[in-house]
Every structure is written in C-alpha cells, then in structure tokens.
Amino acid sequence: MSDTIAAVATPPAKSAIGIIRISGDNAFEITKKVFSGDISEPRKMVTGKILSETGEVCDYGMGVFFKAPASFTGEDSAELYCHGSTAVLRTVLSALFHAGARPAVAGEFTRRAFLNGKMDLTQAEAVIDLIDSETELAAKNAAEQMNGRLGSEISAISSSLTSIAAEFYAFVDYPDDEIEQTERDELATRLYACADSAKALAGTYSSGRIFREGIRVALIGRPNVGKSSLLNALLGTERSIVTDIEGTTRDTVEESLRAGNVALHLIDTAGLRNADTEPERLGIARSEAAARDADIVVAVFDGSAPLDEYDMQTLALAKNSRSLCIINKNDLGTVIDRSVFGDLPIIEISAKLNVGTKAVIDKICEIFNVADIPCDGRTLTNPRHASTLIRAEERIRAAADAFSGGIYADLAVSDIEDAINILGEITGNSAQDTIINEIFSRFCVGK
C-alpha cells in the first residue's frame with residue numbers, strides 16, 4: 001500500500017498555469033473529491049471545477065488521471081492544471097490534504113519512479129540535470145541520459161563482467177583442472193577491455209562538467225589594464241565600474257553569459273598591486289583565489305605600456321594555470337614585449353572600442369574544445385559517476401592482473417564481484433540508502 005502524496009510541480013510564483021501532482025494508491029479517489037471533471041478514462045485531459053476543502057469552487061481548470069503502472073511514478077497518479085495564482089494553488093493543495101493526501105517531500109515523485117522500476121539512478125539524476133540545464137546541448141545530453149543511454153553503457157560493462165565471472169566460477173568449481181595460459185590470456189584481455197571502457201567513460205567528465213557547470217573565467221591583471229572594460233564589453237552592458245582611479249574594483253564581480261554550447265561565468269577581480277588599505281588587500285587575496293579556482297585565467301595586460309612587476313605577477317599566475325593572455329588598448333599602440341609570454345595564447349583587443357572581444361570568447365571555447373563535446377548521453381556530468389567508474393576500473397584491472405599473472409581464479413572473481421557492485425552504485429542496483437537519499441535531496445518538491 002502506497003500512501004498518496006501531492007505537491008505543486010510548478011515554481012512558487014504567479015504564472016499563467018500552475019500544476020499539482022498527485023500519486024499513490026488513492027490518487028483517483030482523492031482527486032475526484034477536489035475535481036469535478038470525469039477522469040475515469042486514463043490519459044484523457046478533461047475540464048472541470050476545482051473545489052476547496054469546503055466544497056466551494058476556487059478555480060476552473062483541467063485534470064488527467066494515469067493508471068498504474070503507466071505513469072511517471074509507476075503508481076496511480078493525477079495532475080490538476082489550475083490558473084497560476086499562488087493563493088489558488090495553496091487552496092487546492094489544502095483541499096487535497098483534507099481529502100487524504102499528504103505533502104510530498106523533495107524528489108519524492110522521482111524517487112517513487114526509481115523504486116518502482118520506472119528508471120534507474122542515472123535516469124533519476126538526469127532529471128535534475130535537465131532542470132538545471134543552462135544550454136540546449138546540456139539539456140540534450142541530460143535528455144539522452146533520461147532515456148537510459150548512460151545506464152545502458154554502465155549495464156553493458158557490468159554484463160560483460162558478469163559473463164566473465166561465470167567463466168571464472170568454472171575454474172573455481174574445478175580447481176584440479178589446469179587452466180591453459182591461452183584461456184587466462186583471453187579472459188584477462190576481456191577484463192582489460194572492460195577496464196578501458198570504464199576509464200574512457202570516466203574520462204568524459206572533464207568535458208561533461210562544462211555542460212553542467214559552465215566555464216569559470218577569472219579576469220586578472222594589475223589595476224587599469226582594462227579588466228572591467230573587458231567584462232563590460234563581453235557582457236554588452238556596464239556591469240563593472242570603470243574609472244582612471246586605481247583600485248576601483250575591490251571585490252570580485254561575477255556575471256554569466258552564453259557562449260554557444262556552454263555558459264561562461266566571468267569573474268572580474270581586483271587589480272594586483274601593493275594595496276594601501278585592508279579592503280583592497282582582501283580584494284587582491286580574492287583575486288588570487290579566483291585565479292586558482294578558475295577553469296581558465298584570462299590575464300589582461302596594457303599593451304601601450306611596458307610590463308612592470310605587477311604584470312609579471314599576473315604572468316606568473318597565468319603560467320600556473322590554463323590561461324589566455326589579452327593585450328588590451330591596442331588602439332593606443334602596442335609597445336609590450338610579446339616574447340615574455342612564451343607559448344601562451346595571445347589576443348590583441350581594444351576593450352574600450354569593443355574591438356576583438358568576440359575573439360576572446362571564441363578562443364576560450366576553442367581551448368576547451370566546446371564544439372567537439374558529444375551530447376549523446378554518454379558524456380558524464382556527475383562527479384559521483386566519474387569517481388565510481390574509476391573505483392570500478394581499479395578493481396577490474398586488479399582482477400585482470402591477478403589472473404594473467406597466474407594467481408588463483410577465486411581471487412580474481414572477488415575483484416570482479418566488487419567491480420560489479422561498484423557499478424551498481426551508479427545505476428542503483430547496489431546503491432546504499434545514504435547514496436539514494438543524497439541524490440534525491442537535491443530535487444525540488446513536486447519532482
């Protein structure tokens with residue numbers, strides 16, 4: 001018996017339409033107490049009156065019923081489509097609770113779908129990734145994972161390991177039979193192939209993280225080289241204050257923009273120099289922290305002036321990170337010595353005149369190979385998946401090394417079984433409750 005839950009599935013703000021979801025064994029009966037439309041035919045949207053807990057009409061809307069197991073949760077479910085007044089939605093939700101439903105907790109609808117076998121954990125996690133998507137390709141990758149693409153990749157590795165383990169059991173069951181070296185080599189080769197597959201899949205996370213989180217770009221340099229002007233030019237708006245007075249920017253200023261397939265999170269920082277005041281010193285410390293934490297450092301230099309000690313400090317930060325050097329103010333002429341940059345990529349611009357600034361965005365995307373990142377659902381966007389695959393790969397390689405090295409088969413089997421269980425943490429076949437609880441705690445109420 002599954003208790004019946006209800007929640008608003010749309011954002012808590014005034015809108016044209018508000019949706020309430022109901023799921024559980026008594027979803028039909030409870031919904032009928034609140035909605036006058038005939039929802040007896042599953043998957044047929046009908047119109048009707050929506051009633052408060054006192055039986056008064058509080059709205060006119062639409063409703064639909066989904067018969068188990070043909071629903072998102074795998075249970076009897078219903079949805080009510082109201083006008084998007086927060087007052088109306090509260091009233092309808094209160095009526096549903098009065099009729100016997102209880103408030104759903106965060107992620108409970110999707111959790112029930114997982115527990116009822118409607119999706120594996122990779123698909124459940126893809127739901128929240130789809131909701132959080134900032135670009136079309138990020139959404140496409142998440143949608144493919146919702147469709148089971150990533151789960152299929154994991155299951156394929158796990159199935160191969162299960163097949164190999166079955167053959168190992170034959171050796172374990174008949175220890176007196178001598179195992180031919182060719183058999184050992186063949187099984188070890190298959191294990192190494194599984195390990196390579198796990199490693200390759202885990203390796204997609206470095207690119208997939210860009211889909212999910214975007215690229216953090218720290219703009220660094222000494223005062224008045226044009227960092228704030230560059231930020232404003234890239235954004236197309238006057239976001240940062242620009243003056244001729246040094247030390248105007250005393251804290252990091254962060255803004256985001258779309259760059260084709262990804263989001264760029266731009267961080268304007270305080271100019272690097274010997275600060276005169278405590279606020280400026282704190283700002284410079286944050287600049288250095290932003291450079292360390294960024295995916296790429298965009299080091300900005302005044303091309304119309306020779307490099308000074310603070311430019312060299314900027315250059316040192318750039319050389320310790322993935323970076324792009326910007327020679328700004330080329331409208332004033334360029335006297336800077338380009339040889340000091342070595343092999344670092346360089347772009348000359350005029351942020352003031354907004355000349356060459358688009359090339360900055362294009363170069364960042366080129367450095368991260370954004371155009372070549374696949375979005376077919378096989379690109380990992382979740383650090384949990386990547387770290388778990390690495391753990392599985394280690395156990396698979398240990399099994400292959402053990403068996404090819406002549407160690408007893410039962411030791412190799414133990415490593416294979418460990419790998420299968422580890423992979424099951426990704427799909428949910430062997431995930432502990434703590435992992436499952438952590439995953440669904442990220443969801444909003446109503447999903």
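These figures come from a predicted structure and were not determined experimentally.
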For E366, which residues count as a side chain to side chain contact (heavy atoms under 4.5 Å, CB included) partner, sequence neighbours excluded?
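If we apply the side chain to side chain contact (heavy atoms under 4.5 Å, CB included) test to E366, skipping adjacent residues, the hits are K363.
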Does E425 offer a backbone N or O that forms a donor-acceptor pair with the side chain of R384 under 3.5 Å?
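Present.
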Looking only at non-hydrogen atoms, find the nearest pair between C82 and I20 and report the distance.
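Scanning both residues completely, I find the closest heavy atoms to be SG-CD1, 4.5 Å.
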Could you walk me through whether L257 and I361 pass the side-chain contact (heavy atoms from CB on, under 4.5 Å) test, one step at a time?
CA-CA 10 Å; L257 61 83; I361 295 176; 4.2 Å; yes
Would you say the side chain of I50 lies within less than 4.5 Å of the side chain of V34, judging by non-hydrogen atoms?
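Answer yes - side chains close enough.
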Looking at every non-hydrogen atom in both residues, tell me the closest pair between S323 and I296 and how far apart they are.
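Nearest heavy atoms, S323 then I296: CA-CG1, 3.9 Å.
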Between H83 and V88, is any pair of side-chain heavy atoms under 4.5 Å apart?
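They are not in side-chain contact.
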Is a side-chain donor or acceptor of D38 paired with a backbone partner of S40 at a separation under 3.5 angstrom?
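Yes, the answer is positive, given that a donor and an acceptor are paired below the 3.5 Å cut-off.
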Take N382 and Y205 through the test side-chain contact (heavy atoms from CB on, under 4.5 Å) and record every step on the way to the result.
CA-CA 7 Å; N382 191 314; Y205 175 66; 5.7 Å; no
Determine which pairs satisfy ring-ring contact (aromatic ring centres under 6.0 Å, His included) with at least one residue from residues 21-61, sequence neighbours left out, and list them in order.
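Residue pairs with at least one partner in residues 21-61: F28-F65.
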Does a salt bridge link E144 with K140, judged by any charged N lying under 4.0 Å from a carboxylate O?
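Judged by the 4.0 Å cut-off on N to carboxylate O distance, E144 and K140 do not form a salt bridge.
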N/O donor-acceptor pair under 3.5 Å between N116 side chain and T73 backbone:
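Between the backbone of T73 and the side chain of N116 there is a qualifying donor-acceptor contact (under 3.5 Å).
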Should F341 and I327 count as side-chain neighbours, where that means a heavy-atom distance under 4.5 Å?
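With C-beta onward as the side chain, the pair touches.
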Where is the tightest heavy-atom contact between N354 and A233, given as atom of each residue plus distance?
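Looking at all heavy atoms of both residues, the closest pair is OD1-CB, 3.7 Å.
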Do H265 and D295 touch side chain to side chain, with heavy atoms closer than 4.5 Å?
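No, their side chains stay 4.5 Å or more apart.
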May I ask you to test the L389-L380 pair for a side-chain heavy-atom distance under 4.5 Å?
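L389 reaches L380 side chain to side chain.
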Treating Q145 as the side-chain partner and T379 as the backbone partner, does any N or O pair qualify as donor plus acceptor under 3.5 Å?
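Yes, the answer is positive, given that a donor and an acceptor are paired below the 3.5 Å cut-off.
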Sidechain-backbone polar pair: T381 side chain, G208 backbone, donor-acceptor under 3.5 Å:
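Checking the backbone N and O of G208 against the side chain of T381, no donor-acceptor pair under 3.5 Å is found.
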Do you know the tightest heavy-atom contact between I215 and I210?
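Heavy atoms only, the tightest pair is CG1-CG2, 3.7 Å.
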Would you mind reporting whether L137 and V262 have side-chain heavy atoms less than 4.5 Å apart?
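Not in contact.
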For R21, is there an ion pair with E108 - N to carboxylate O distance below 4.0 angstrom?
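R21 and E108: not salt-bridged.
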Where is the tightest heavy-atom contact between T427 and T122, given as atom of each residue plus distance?
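For T427 versus T122, the nearest heavy atoms are CA-CG2, 4.4 Å.
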Filter on ring-ring contact (aromatic ring centres under 6.0 Å, His included), then keep only pairs touching residues 107-144, sequence neighbours left out; what's left?
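The answer is none; no pair qualifies.
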Side chain of T91, backbone of A87: donor and acceptor closer than 3.5 Å?
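At least one qualifying donor-acceptor pair exists.
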Without swapping roles, check the side chain of K33 against the backbone of A95 for a donor-acceptor pair under 3.5 Å.
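Not a single qualifying donor-acceptor pair exists.
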Does CD1 in I17 sit with more than 12 non-hydrogen atoms of other residues, nucleotides or ligands closer than 6.0 Å?
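No, the 6.0 Å shell around CD1 holds no more than 12 heavy atoms from other groups.
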Could you tell me whether the side chains of S23 and R112 share a donor-acceptor contact shorter than 3.5 Å?
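No.
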Decide, yes or no, whether a salt bridge links D401 with R397 under the criterion of side-chain N to carboxylate O below 4.0 Å.
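No, no charged N to carboxylate O under 4.0 Å.
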Using the rule given for side-chain contact (heavy atoms from CB on, under 4.5 Å), can you reason through I154 versus L201, listing the C-alpha separation, both sets of side-chain angles and the distance that settles it, and then say yes or no?
CA-CA 9 Å; I154 302 296; L201 198 55; 3.6 Å; yes
For R111 and V105, indicate whether the former's side chain and the latter's backbone hold a donor-acceptor pair under 3.5 Å.
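Flag not set: sc R111 to bb V105 has no pair under 3.5 Å.
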Are any of the side-chain heavy atoms of I326 and V360 separated by less than 4.5 Å?
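The answer is yes; the side chains approach within 4.5 Å.
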Test: R216 and D293 ion pair at under 4.0 Å:
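Not counted as a salt bridge, because no side-chain N and carboxylate O are separated by less than 4.0 Å.
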Check this for me: does any side-chain nitrogen of one of D415 and R395 sit under 4.0 Å from a carboxylate oxygen of the other?
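Salt bridge flag = yes for R395 with D415.
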Would the distance check show the side chain of T4 and the main-chain N or O of N26 forming a donor-acceptor pair, the cut-off being under 3.5 Å?
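Yes; at least one donor-acceptor contact below 3.5 Å.
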Donor-acceptor contact present, side-chain S155 to main-chain G151, <3.5 Å
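Present.
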Test side-chain contact (heavy atoms from CB on, under 4.5 Å) on N328 and L230; report intermediate values, then the result.
CA-CA 9 Å; N328 190 26; L230 175 57; 5.9 Å; no
Over all heavy atoms of both residues, which pair between I436 and L121 is shortest? Give the atoms and the distance, please.
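Minimum heavy-atom contact is CG1-CD1, 4.3 Å.
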Please tell me if the side chains of T204 and R378 come closer than 4.5 Å, counting only heavy atoms from C-beta onward.
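A side-chain contact is absent here, since even the closest heavy-atom pair is not under 4.5 Å.
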